[in-house]
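Beneath this line is the structure, given in structure tokens, with notes to follow.
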Protein chains: 2
Amino acid sequence: MNCCENKHTNIDAEQLARFAKAMGHPTRLEILCFLASMDSCYFGDINNELPIAKATVSQHLKELKEAGLIQGEIETPKVKYCINRANWEKAKTYFAEFFDTMSETKVCCK
Amino acid sequence: MNCCENKHTNIDAEQLARFAKAMGHPTRLEILCFLASMDSCYFGDINNELPIAKATVSQHLKELKEAGLIQGEIETPKVKYCINRANWEKAKTYFAEFFDTMSETKVCCK
DNA sequence: TTTGTTGTTCGCAAAATTACGAACAATATT
DNA sequence: AATATTGTTCGTAATTTTGCGAACAACAAA
């Protein structure tokens with residue numbers, strides 16, 4: 001069933017699922033919100049905002065990085081994190097197109 | 001850190017995370033794509049499209065229903081599923097607003 | 001009443017996720 | 001060289017997720 005892939009849109013369903021999965025945890029969503037509200041910040045700033053162990057924060061950041069939604073940069077002795085803007089736009093587009101597949105007014109479960 | 005909640009937007013971060021989590025599995029995303037491409041269909045139709053056991057399909061449908069993205073209706077002896085349009089629109093709006101928090105052109109990790 | 005159809009639920013196993021403290025690495029400071 | 005700062009990685013435990021077959025429920029048909 002390749003209904004997402006074979007549309008006129010360019011949605012990569014696997015990538016969309018990866019984006020969604022990364023966003024699917026409250027802590028990671030918080031981190032994304034936090035980062036999206038500023039240019040960039042250090043690990044410590046993010047860690048300060050969250051009531052969990054730094055090891056766990058680091059792990060969530062790693063997952064967000066692997067999903068492509070953020071990026072990290074060493075700025076010794078700190079690590080600067082920020083939104084990965086290119087992929088952010090891609091995700092924005094993917095989600096928008098995904099939800100638009102329902103936009104035509106169909107009657108549903110009437 | 002309530003950066004999503006205290007914006008001018010009306011994003012409910014927990015609900016957004018629930019939507020995202022439900023979409024974060026390839027099979028569930030496929031099901032959503034499939035349902036979004038039609039008015040409604042029966043369990044058997046969905047099951048036919050997927051290479052997994054019906055028990056697993058049923059479980060994924062249950063999760064999508066609990067997340068609010070789809071709805072099911074008994075039409076004896078079949079079960080008719082379809083997109084939950086109200087929540088679909090809500091999800092669409094939430095994701096769009098979420099990704100728009102980055103829309104202002106900020107320089108990021110230059 | 002037996003049989004068939006359609007899906008859900010149960011019980012279980014395997015795998016993945018989440019969270020933590022401790023140890024570590026890299027670098028700067030004393 | 002010893003110490004301090006900043007984060008990552010490791011090892012582990014607890015929980016959740018995923019997937020399956022078998023059993024079941026509800027109903028229609030023979």
Side-chain angles (χ1 to χ4, degrees), chain A residues 1 13-35 38 40-84 109, chain B residues 1 13-14 16-32 34-35 38 40-84 109:
Chain A
M1 168 170 25
E14 286 196 12
Q15 183 58 52
L16 178 55
R18 246 174 276 134
F19 286 147
K21 187 176 182 184
M23 292 174 64
H25 189 286
T27 298
R28 286 194 293 268
L29 200 56
E30 288 267 322
I31 293 171
L32 289 175
C33 283
F34 187 64
L35 281 176
M38 60 187 62
S40 65
C41 70
Y42 298 114
F43 171 88
D45 302 322
I46 300 168
N47 190 41
N48 279 342
E49 296 292 325
L50 298 168
I52 57 179
K54 64 179 177 171
T56 308
V57 174
S58 191
Q59 204 170 281
H60 281 308
L61 287 168
K62 190 180 177 183
E63 285 171 63
L64 287 171
K65 204 163 40 178
E66 282 167 1
L69 290 171
I70 68 171
Q71 53 192 288
E73 192 184 348
I74 296 173
E75 214 167 78
T76 305
K78 301 186 178 182
V79 177
K80 194 171 76 174
Y81 281 100
C82 67
I83 297 294
N84 180 325
C109 274
Chain B
M1 170 173 19
E14 287 196 13
L16 178 55
R18 246 173 278 133
F19 285 147
K21 188 176 180 182
M23 293 174 63
H25 190 286
T27 297
R28 287 194 295 267
L29 200 57
E30 287 267 322
I31 292 172
L32 290 174
F34 187 64
L35 281 176
M38 60 188 62
S40 66
C41 70
Y42 299 114
F43 172 88
D45 302 322
I46 300 168
N47 190 40
N48 279 342
E49 297 292 325
L50 298 167
I52 57 178
K54 62 181 177 174
T56 308
V57 174
S58 190
Q59 204 171 282
H60 281 309
L61 287 169
K62 189 180 180 186
E63 285 171 63
L64 288 171
K65 203 162 43 179
E66 282 168 1
L69 291 172
I70 68 172
Q71 53 192 286
E73 194 184 345
I74 296 173
E75 215 167 76
T76 304
K78 300 188 179 183
V79 178
K80 193 172 76 175
Y81 281 100
C82 66
I83 296 294
N84 181 323
C109 275

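Convention: sequence-line order gives letters A, B, ...; per-chain numbering from 1.
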With rounding to the nearest 0.5 Å, note down the distance linking [atom1] in [X] to [atom2] in [Y].
| X | Y | atom1 | atom2 | result |
| --- | --- | --- | --- | --- |
| A/Ile83 | A/Leu64 | CD1 | CG | 8.0 Å |
| A/Lys78 | A/Asp45 | NZ | CG | 6.5 Å |
| A/Ile31 | A/Ile70 | CD1 | CD1 | 7.0 Å |
| A/Cys41 | A/Leu35 | SG | CG | 5.0 Å |

Across all chains, not counting sequence neighbours, the salt bridge (Lys or Arg N to Asp or Glu O under 4.0 Å) partners of A/Glu63 are A/Arg28
Whole angstrom value for the distance that separates [atom2] of [N] from [atom1] of [X]:
| X | N | atom1 | atom2 | value |
| --- | --- | --- | --- | --- |
| B/Leu61 | D/dG19 | CG | C1' | 14 Å |
| A/Gln59 | D/dC10 | CD | P | 11 Å |
| B/Leu29 | D/dT18 | CG | P | 13 Å |
| A/Asn47 | D/dT6 | CG | P | 11 Å |

Classify the nucleic acid contact of A/Ala53 as base, sugar-phosphate or nothing, counting any heavy atom under 4.0 Å across all strands shown.
sugar-phosphate
Under 4.0 angstrom, heavy atoms only, what part of the nucleic acid is A/Glu63 near: base, sugar-phosphate, or nothing?
sugar-phosphate
N/O to N/O distances under 3.5 Å, protein versus nucleotides 25-30 of chain D:
none

Of A/Pro51 and B/Asp45, the one whose closest nucleotide on DNA chain C sits nearer the 5' end is B/Asp45
Pairwise 5' ranking along DNA chain C for B/Lys54 and A/Arg28, keeping only the more 5' one:
B/Lys54
Looking only at side-chain N and O atoms, does B/His60 come under 4.0 Å of OP1 or OP2 in D/dG19?
yes
Are any of B/His25's side-chain N or O atoms less than 4.0 Å away from OP1 or OP2 of D/dG19?
yes
Walking along DNA chain C from 5' to 3', note the first and the last nucleotide with an atom under 4.0 Å from a heavy atom of chain A, and give both.
C/dT17 to C/dT27
Work out which heavy atom in A/Ser40 is nearest to a heavy atom in A/Lys80; give both atom names and the distance.
OG-CD, 3.5 Å
At their closest point, which heavy atom of A/Arg18 faces which heavy atom of A/Ala67, and how far apart are they?
O-CB, 4.1 Å
Out of D/dG7, D/dG21, D/dT16, whichever nucleotide has its closest atom nearest the side chain of B/Lys21
D/dT16
Would you say that B/Met38 contacts B/Phe34 through its side chain, given a criterion of any heavy-atom pair below 4.5 Å between the two side chains?
yes
Picking from B/Thr27, B/Ile46, B/Leu32, what satisfies side chain to side chain contact (heavy atoms under 4.5 Å, CB included) with B/His60?
B/Thr27
